[in-house]
Amino acid sequence: MRIAIISDIHSNLEGLEKAAELIRKTVVDEIVCLGDIVGYGANPNECLALVRELTPHILLGNHDEAAIYPEKTEHFNPLARIASEWTGNTLTEANKDFIQGLPFTIERHGATFVHSSPYEPAEWHYILSPADAQYNFQSFQTPICFIGHTHVPDVFCDDIWSRDVVRSKRFVVNVGSVGQPRDNNWQLSFGVFDTDKWTYKNIRSEYDVKSASEKIRKAGLPRGLADRILVGR
Ligand code: ZN
């Protein structure tokens, strides 16, 4: 069983379309989306439609939640808050209803999937370091847990040192972001996990980032959001 794991699309349709094309070519059995489908970018409704076409396995992210509950933006920076308000005003009622029904976490094929962290998933904690990851190993039962949220692809092992996913050890794997990478690499990021071979691959690819950036400006969203996806920060 090969599973493609996508996360943090953030209304970037160009990024999502390219990821979908690559996933089709990679030939996977299943796709899981770890949430933050909306927020920051210019195509929230279009991204929700495409994600739903790709997979029924979709989790809630903090930006999805904030788009339907504006009071949840209290910890957002000013640009994120403006984008969240814009997203809330742009989403269709049907899409808001859909977001409302999304779960925080799922378990499939011996793996755990969550947007932010297996420890208190509704609190949107960040796993930024091996130390953060260590704290989380007690909060899920499977050998491996896939996360997003920081927009930085990474692999954390319970022995601290291992960077390659292997059987017999436990891992927290961040698949990175399709729509707004933040590791100084503007190329989209997602993961493919093979449950039979127990291998994991992080995929990076260029996409039409200029068009996605231009759309953010034309939508009247903050200029900083249009600029950051061009550099991956
Ligand atoms: Zn995000």
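Hydrogens, waters and symmetry mates play no part in the numbers below; they use all other heavy atoms, side chains included. Note that ligands are numbered from 1 as they come in the structure, with each ligand's atoms numbered from 1 the same way.
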Exercise. Report yes or no: does Thr73 contribute a side-chain atom to a donor-acceptor pair with the main-chain N or O of Phe76 at less than 3.5 Å?
Key: no

Practice problem: Determine yes or no for a side-chain-to-main-chain donor-acceptor pair under 3.5 angstrom, with Asp64 supplying the side chain and Val38 the backbone. | Solution: yes

Quiz item: Under 3.5 Å, is there a donor-acceptor pair between the Asn62 and His115 side chains?
Solution: yes

Exercise. Indicate whether the side chain of Asn43 and that of Lys215 have a donor and an acceptor atom separated by less than 3.5 Å.
Key: yes

Quiz item: Is NZ or CZ of Arg204 both nearer than 6.0 Å to the six-membered ring centre of Phe190 and within 45° of the ring axis?
Solution: no

Quiz prompt | Pairs meeting criterion salt bridge (charged side-chain N to carboxylate O under 4.0 Å, His left out) with involvement of residues 25-51, two or more places apart | solution = Glu21-Lys25, Glu30-Arg108

Quiz prompt | Within less than 2.8 Å of the Zn ion (ligand 1): protein N, O or S atom count | solution = 4

